[in-house]
Trainee: 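Quick one: structure below, then a few questions.
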Amino acid sequence: MDENYIRERITQLRLKKGVSEYQMSYDLGHSRGYVYNISSGKALPPMKEFLAICDYFEMTPQQFFDEGTQNPELIQKAVEGMKRLDESDILMLLGIINRLLK
């Protein structure tokens, strides 16, 4: 894994979200070429901005670097929802997950 991974992952997530480089730059509070400069290899985001990018995609940095996760933003939303459930509901969901995995 290298700096190209970060650029490619941002591009992949941006396209999946359906936003342009310009729109993402604007949403993050930067000039229109900010995301283009990252995607083209001219720059890498500093740590503070990287964390903002993770927030933008509704994922943790760990999920950003997890290449095996297909829909990290959906998994994050599911985890956040599960945190509010009681133990019996979580056990019920685990049963459903195990059944679907068979």
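When reading the values below, keep in mind they use all heavy atoms of this one structure, side chains included, and skip hydrogens, waters and symmetry mates.
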Trainee: Quick one: CD1 on Ile6 to OG on Ser39, what's the gap to the nearest 0.5 Å?
Mentor: 12.0 Å
Trainee: Would the distance check show the side chain of Arg7 and the main-chain N or O of Ser40 forming a donor-acceptor pair, the cut-off being under 3.5 Å?
Mentor: no
Trainee: So does Phe50 have more than 12 non-hydrogen atoms from other groups sitting under 6.0 Å from CZ?
Mentor: yes
Trainee: Heavy-atom count check: over 12 atoms from other residues, nucleotides or ligands less than 6.0 Å from Gln62 CD?
Mentor: no
Trainee: What distance separates Glu49 CD from Leu44 CG, expressed to the nearest 0.5 Å?
Mentor: 12.5 Å
Trainee: Heavy-atom count check: over 12 atoms from other residues, nucleotides or ligands less than 6.0 Å from Tyr56 OH?
Mentor: yes
Trainee: Can you tell me if Asp86 uses its side chain to pair, donor with acceptor, with the backbone of Asp89 under 3.5 Å?
Mentor: yes
Trainee: Is a side-chain N or O of Arg14 found less than 3.5 angstrom from the main chain of Val19, in a donor-acceptor match?
Mentor: yes
Trainee: I want to check something: taking the side chain as every heavy atom from C-beta on, are Ile53 and Met24 in contact at a cut-off of under 4.5 Å?
Mentor: yes
Trainee: In Å and rounded to the nearest 0.5 Å, what is the CZ to CZ distance from Phe57 to Arg9?
Mentor: 9.0 Å
Trainee: Roughly how far, to the nearest 0.5 Å, is CZ of Phe65 from SG of Cys54?
Mentor: 7.0 Å
Trainee: Indicate if Leu13 and Leu51 have the same hydrophobic cluster label, given that clusters are the connected sets of ILVMFWY residues with side-chain heavy-atom separations under 4.5 angstrom.
Mentor: yes
Trainee: Just how far is it from atom CG of Asn37 to atom OG of Ser31, taken to the nearest 0.5 Å?
Mentor: 7.0 Å
Trainee: Transitively linked via ILVMFWY side-chain contacts under 4.5 Å: Met47 with Val35?
Mentor: yes
Trainee: What's the spacing between Met92 CE and Leu85 CG if we round to 0.5 Å?
Mentor: 8.0 Å
Trainee: Is there a path of hydrophobic side-chain contacts, each under 4.5 Å between heavy atoms of I/L/V/M/F/W/Y residues, joining Val79 to Ile90?
Mentor: no
Trainee: What I want to find out is whether Lys83 reaches Glu80 closely enough, with some N-O distance under 4.0 Å, to be called a salt bridge.
Mentor: yes
Trainee: Could you tell me if the side chain of Tyr34 sits less than 4.5 Å from the side chain of Pro45, heavy atoms only?
Mentor: yes
Trainee: Any sub-3.5 Å donor-acceptor pair from Arg32's side-chain atoms to Tyr22's backbone N or O?
Mentor: no
Trainee: Step by step, would you call Glu58 with Leu74 a side-chain contact (heavy atoms from CB on, under 4.5 Å)?
Mentor: CA-CA 9 Å; Glu58 299 179 31; Leu74 294 177; over 6 Å; no
Trainee: Less than 4.5 Å apart, any side-chain heavy atom of Glu21 and any of Ile38?
Mentor: no
Trainee: Test your reading of the model: is there a side-chain donor-acceptor pair from Ser25 to the backbone of His30, 3.5 Å cut-off?
Mentor: no
Trainee: Within the distance-only criterion (no hydrogens, no angle test), does the side chain of Gln63 pair as donor or acceptor with the backbone N or O of Thr60 below 3.5 angstrom?
Mentor: yes
